[in-house]
Amino acid sequence: MDFIGAYAPSHLTFLLEGFWVTLQVAFLSIALSFVVSIIVGVIRYARIPVLSQVFATAVELVRNLPLLLIIFFTYFALPEIGIKLDKFYAAILALVIFESAMISEIVRSGLNSIEKGQIEAARSSGLTYMQTLWHVVLPQALRRMVPPMVSQFISLLKDTSLAVVIALPELMNHAQIINGRNVNYVIPTFLLVAVMYFVVNYALSIISKRLENRHA
């Protein structure tokens, strides 16, 4: 194991560049999947005719597919029908599709957890169904969704490593390139990569616990 060679300044810089791509992909995927999952979850909760059933079918389909297959589809299959995406955006699209399906179930469960009595009280006070959903149900449900959502976001950050299969220049891709230069770099490099993932994910866990305690 060559820790000195593996942690040369050029290698550390190269890993940080890959980690920056990882964080960008994760952040954009989290933001987009959050928005999409809220829309899908609310539509399924409200049981809007046709749309609710279509989304339910799509969610069940995606949840039962491996993320790796979805990544292959967005990068290799979409060009066959005229939609060619850069590796960066193909990875984001795959993650958004997969994570939106997962998070939408968290959203739907959170909405269903709100007591029916509150909904009836809001409706009896003169609020419409949508006003009740927006002002009474959704704010409370979002607070209850924080812990499982953050857990899913942590999984999303780790799942970005699967984009290595399409050679996205993210952290794992750069780690493999460094390891290819010298077999003695493998353990030191992967140890550092593990620490980098751990620091970010642990920070997210702490934020989740604080948010949960604040709204307890």
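Side-chain contact check for Q53 versus R44: every heavy-atom pair is 4.5 Å or farther apart. You'll find the side chain of I207 stays beyond 4.5 Å of the side chain of Y202, heavy atoms only. Looking at heavy atoms from C-beta onward, V137 lies in side-chain contact with Y45 at the 4.5 angstrom threshold. No side-chain heavy atom of V146 sits under 4.5 Å from any side-chain heavy atom of L142. Here the side chains of L32 and V35 are not in contact, with every heavy-atom distance at 4.5 Å or above. Looking only at side-chain heavy atoms (C-beta outward), L171 and M196 come within less than 4.5 Å of each other. The closest side-chain heavy-atom distance from M172 to F190 is below 4.5 Å. Using a 4.5 Å cut-off on side-chain heavy atoms (C-beta onward), E17 and V21 make no contact.
Side chain of T189 to backbone of V186: no donor-acceptor contact under 3.5 angstrom is found. With S104 contributing its side chain and G41 its backbone, the two residues share no donor-acceptor pair below 3.5 Å. Side-chain N or O atoms of S113 include one that pairs as donor or acceptor with a backbone N or O of G110 at under 3.5 Å. Remark: side-chain polar atoms of Y185 are not paired, donor with acceptor, to backbone N or O of A175 under 3.5 angstrom. Under the 3.5 Å distance criterion, the side-chain polar atoms of Q131 are matched with a main-chain donor or acceptor of T128. Of the possible donor and acceptor atoms, none in the side chain of S100 sits under 3.5 Å from a partner among the backbone N and O of I97. Judged purely by atom type and a 3.5 angstrom limit, T74 has no side-chain atom pairing as donor or acceptor with the backbone of L93.
Shown here for L69 and L65, the closest heavy-atom pair between the two residues is CD2-CD2, 4.1 Å. Contact detail for W134 and P139: the closest heavy-atom pair is O-CD, 3.2 Å. The heavy-atom pair separating L157 from A26 by the smallest distance is CD1-CB, 3.5 Å. Nearest heavy-atom pair, I178 versus H11, reported as atom, atom and distance to 0.1 Å: CD1-O, 3.6 Å. Contact record, A122 with V136: CB-CG2, 3.9 Å, taken as the closest heavy-atom pair. Of all heavy-atom pairs spanning D86 and Y75, the tightest one is C-CE1, 4.5 Å.
Put simply, I83 and V62 are part of the same group of oily side chains (I, L, V, M, F, W, Y) that touch within less than 4.5 Å, one to the next. V36 and V54 are members of different hydrophobic clusters when ILVMFWY side chains are connected at heavy-atom separations under 4.5 Å. In the hydrophobic clustering of this structure, L15 does not group with W20; members are Ile, Leu, Val, Met, Phe, Trp, Tyr whose side-chain heavy atoms approach within less than 4.5 Å, directly or through other members. Criterion: ILVMFWY side-chain heavy atoms under 4.5 Å apart, direct or through other members. Under it, V96 and L28 are part of a common hydrophobic cluster. Hydrophobic clustering (ILVMFWY, side-chain heavy atoms < 4.5 Å, transitive): L85 and I81 are in one cluster.
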Starting from the C-alpha separation in whole Å, work towards a yes-or-no answer on salt bridge (charged side-chain N to carboxylate O under 4.0 Å, His left out) for K158 and E99.
CA-CA 12 Å; K158 292 183 288 186; E99 297 299 333; over 6 Å; no

Does L78 form a side-chain contact (heavy atoms from CB on, under 4.5 Å) with K84? I'd like the steps, not just the answer.
CA-CA 6 Å; L78 288 183; K84 184 172 178 59; over 6 Å; no

Verdict with reasoning, F76 to I71, per side-chain contact (heavy atoms from CB on, under 4.5 Å)
CA-CA 8 Å; F76 295 111; I71 293 174; over 6 Å; no

Residue pair V40, R108: steps toward the side-chain contact (heavy atoms from CB on, under 4.5 Å) verdict
CA-CA 8 Å; V40 173; R108 191 166 67 93; over 6 Å; no

Which is it for L68 and F73 under the side-chain contact (heavy atoms from CB on, under 4.5 Å) test, yes or no, and what are the steps along the way?
CA-CA 9 Å; L68 192 59; F73 181 84; over 6 Å; no

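Put simply, CD1 on I114 and CZ on R143 are 8.0 Å apart, with the number rounded to the nearest 0.5 Å. Distance CG/L67 to CG/L95: 5.5 Å, rounded to 0.5 Å. With values rounded to the nearest 0.5 angstrom, N173 atom CG is found 11.5 Å from S161 atom OG. Taking OG from S33 and CD1 from I103, the interatomic distance works out to 4.0 Å, rounded to the nearest 0.5 Å. The structure places CD1 of I92 at 8.0 Å from CD of Q24, a figure rounded to the nearest 0.5 Å. Annotation: the span from L192 atom CG to L16 atom CG amounts to 8.0 Å, rounded to 0.5 Å.
Using a 4.0 Å cut-off between charged side-chain N and carboxylate O, E60 and R63 make a salt bridge.
Taking the six-membered ring for Trp and the full ring otherwise, the centers of H174 and F19 sit at least 6.0 Å from each other.
Side chain to side chain, R47 and S52 fail the donor-acceptor criterion of an N or O pair below 3.5 Å. With no hydrogens or angles considered, a side-chain donor-acceptor pair links Q118 and Q140 at under 3.5 Å.
Environment of CZ in F3: crowded, with over 12 heavy atoms of neighbouring residues, nucleotides or ligands closer than 6.0 Å. Heavy-atom contacts from other residues, nucleotides or ligands closer than 6.0 Å to CD1 of I4 number 12 or fewer.
Listed by chain and residue number, I48, Y129 satisfy the side chain to side chain contact (heavy atoms under 4.5 Å, CB included) test with A46 (two or more places apart in sequence, or in another chain).
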